[in-house]
Protein chains: 2
Amino acid sequence: MYSSELIKGTLKTIILHLLKENGKMYGYEMTQMVKALSQEKIQITEGALYPMLHALEALGDVTTETVYIGKRVRKYYSLTPQGKTTSSEKMKELTAFLETMGNLIKKQNNAHGYAT
Amino acid sequence: MYSSELIKGTLKTIILHLLKENGKMYGYEMTQMVKALSQEKIQITEGALYPMLHALEALGDVTTETVYIGKRVRKYYSLTPQGKTTSSEKMKELTAFLETMGNLIKKQNNAHGYAT
DNA sequence: CAAATATACATAAGATTCTGATGTATATTT
DNA sequence: AAATATACATCAGAATCTTATGTATATTTG
């Protein structure tokens, strides 16, 4: 498990990406998938996830569909056309960010020149 | 420039890393170095930087040394022994996190199996 | 079969961390 | 002379997350 501060700011992008890849998912499923894909190292908490899903819905990036499994409710989320665009943009940004950070923390024989 | 939400949580690690690589730096210098190393894409704001430096000092990870350049003050920061340990730990974590995130957002022909 | 665990949603107080504004002052460039 | 750069600092407010709490059904296990 990572000290969660690193995960901050990536949640929205992760959700949008999962929905783009998998078409339709419900909240609990997302927590389990991220857990599995990260080898237990990233655990999305419900207190962070559900408010973010509601926010994405309010922004018009996702729509919902409620389904009953027996008597238990399940709320599926999927991307709107706008959400698909947002997803792509966010992913482009995250990819670039990861690369920049990778550079930033590596190339360091550089106490005097700065530029690369 | 990245939408800054991604940078959240990485600031402490970046500072500790810069100090480990460069031995001794002052705040303004850090902002310029990160800007240069990231090709202008990451801009550390002063409102985030200075409070974080003060926090690191309070935690015992850095010590300070004030120098006058003409009449203008400059405050150099350097790692304490404890700070060096913290720096290593944080970097290990960040590196692992970047890799995990890289996996999470790539390997996706996986709508049904989850595990990798 | 009762208890524990897993599934599945939701909210909310408080903490952390950042943005953007503001303030002060000196040095350099145009 | 004015604008910009260097260099520190603080603070109100915003965003985002943690931890706890709440509700309810389904499944597994001793």
Side-chain angles (χ1 to χ4, degrees), chain A residues 1-16 18 24-36 40 42-59 61-62 64-77 90 94 97 101 114, chain B residues 1-16 18 24-36 40 42-59 61-62 64-77 90 94 97 101 114:
Chain A
M1 273 286 281
Y2 298 122
S3 79
S4 51
E5 58 192 18
L6 290 177
I7 297 150
K8 286 192 182 186
T10 61
L11 180 58
K12 188 185 286 182
T13 307
I14 289 175
I15 293 172
L16 290 171
L18 286 178
K24 181 187 287 195
M25 293 185 82
Y26 55 99
Y28 185 76
E29 190 184 15
M30 295 180 194
T31 67
Q32 299 307 301
M33 197 175 199
V34 168
K35 192 172 161 187
E40 321 278 292
I42 296 179
Q43 178 69 57
I44 296 179
T45 62
E46 293 171 297
L49 177 65
Y50 291 116
M52 183 63 79
L53 286 172
H54 301 163
L56 285 171
E57 189 177 13
L59 287 169
D61 284 321
V62 301
T64 62
E65 182 191 348
T66 298
V67 174
Y68 277 86
I69 306 296
K71 284 182 188 169
R72 198 158 55 190
V73 80
R74 189 182 279 178
K75 204 164 160 188
Y76 279 97
Y77 288 83
K90 286 277 175 193
L94 178 55
F97 173 72
M101 278 302 298
Y114 291 11
Chain B
M1 273 287 282
Y2 298 122
S3 80
S4 50
E5 57 192 16
L6 290 176
I7 297 152
K8 285 194 182 186
T10 61
L11 180 58
K12 189 185 285 181
T13 307
I14 289 175
I15 292 172
L16 291 170
L18 286 177
K24 182 187 286 195
M25 293 184 82
Y26 55 99
Y28 184 78
E29 191 184 13
M30 296 181 194
T31 67
Q32 299 308 301
M33 198 174 197
V34 169
K35 192 173 162 187
E40 320 278 295
I42 295 178
Q43 178 69 56
I44 296 178
T45 63
E46 293 170 297
L49 178 64
Y50 291 116
M52 182 63 80
L53 286 172
H54 300 162
L56 285 170
E57 189 176 13
L59 288 169
D61 285 320
V62 300
T64 62
E65 182 191 347
T66 297
V67 173
Y68 277 86
I69 307 295
K71 284 181 186 171
R72 198 158 54 189
V73 82
R74 190 181 278 179
K75 204 163 161 187
Y76 278 97
Y77 288 83
K90 286 277 174 193
L94 178 55
F97 173 72
M101 277 302 298
Y114 290 10

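By convention in this document, chain letters (A, B, ...) are assigned in the order of the sequence lines, proteins followed by strands, and residues within each chain are numbered from 1. If you're wondering where the values come from, they're calculated on a predicted model, not measured in any experiment.
With sequence neighbours excluded, the residues satisfying salt bridge (Lys or Arg N to Asp or Glu O under 4.0 Å) with A/Glu65 are A/Lys24. Qualifying salt bridge (Lys or Arg N to Asp or Glu O under 4.0 Å) partners for B/Lys35, counting only residues two or more places apart in sequence or in other chains: none. Residues meeting the ring-ring contact (aromatic ring centres under 6.0 Å, His included) test with B/Tyr77, sequence neighbours left out: none.
The distance from the CD atom of A/Gln43 to the CG atom of A/Leu49 is 10.5 Å, given to the nearest 0.5 Å.
Across B/Ile14, B/Thr10, B/Thr13, a single residue satisfies side chain to side chain contact (heavy atoms under 4.5 Å, CB included) together with B/Lys90, and that is B/Thr13.
Contact annotation: A/Tyr50 does not reach the phosphate of C/dA10 (side-chain N/O to OP1 or OP2, under 4.0 Å). Here B/Thr45 reaches the OP1 or OP2 of C/dT19: one of its side-chain N or O atoms lies under 4.0 Å away. Between A/His54 and C/dC9, a side-chain N or O to OP1/OP2 separation shorter than 4.0 Å is absent.
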Check the pair B/Met30, B/Leu53 against side chain to side chain contact (heavy atoms under 4.5 Å, CB included), reporting the backbone distance first and the verdict last.
CA-CA 11 Å; B/Met30 296 181 194; B/Leu53 286 172; 4.0 Å; yes
I would like to know whether A/Tyr76 and A/Thr64 meet side chain to side chain contact (heavy atoms under 4.5 Å, CB included); could you show each step before the answer?
CA-CA 5 Å; A/Tyr76 279 97; A/Thr64 62; over 6 Å; no
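The CD1-C1' distance, from A/Ile44 to C/dC9, rounds to 16 Å in whole Å. Rounded to a whole Å, the CG atom of A/Leu53 is 12 Å from the C1' atom of C/dA10. Look at CG on B/Leu56: it is 13 Å from C1' on C/dT17, rounded to the nearest Å. Summarising the geometry, the separation between OH on A/Tyr26 and P on C/dT7 is reported as 8 Å, rounded to the nearest angstrom. Here C/dT19 presents its C1' atom at 16 Å from CD1 of B/Ile42, a figure rounded to the nearest Å. If you measure from atom CE of A/Met30 to atom P of C/dT7, you get 16 Å, rounded to the nearest angstrom. Distance NZ (B/Lys35) to C1' (D/dT6): 12 Å, rounded to an integer number of Å. Per the geometry, CG belonging to A/Leu49 stands 13 Å off P belonging to C/dA8, to the nearest Å.
Side-chain proximity of A/Pro51 to the nucleotides C/dT11, C/dC18, D/dA7 is greatest for C/dT11.
Annotation: of the two residues near DNA chain D, A/Met52 and B/Tyr28, the 5′-most nearest-nucleotide partner is B/Tyr28.
Axis angle between the ends of the helix from C/dC1-D/dG30 to C/dT30-D/dA1, five pairs each and rounded to 10 degrees, works out to 30°.
Minimum heavy-atom separation, A/Ile44 to A/Thr31: O-CG2, 3.8 Å. Residues A/Met25 and A/Glu29 approach most closely at CA-OE1, 3.3 Å, considering heavy atoms.
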Protein N or O to nucleotides 12-15 of chain D N or O, pairs below 3.5 Å:
none

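Taking the side chain as every heavy atom from C-beta outward, B/Met101 and A/Ile42 approach each other to under 4.5 Å.
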What string of B, S and - do you get for nucleotides 22-30 of chain C, 5' to 3', if B is base contact, S is sugar-phosphate-only contact and - is no contact with any protein heavy atom under 4.0 Å?
----BS---
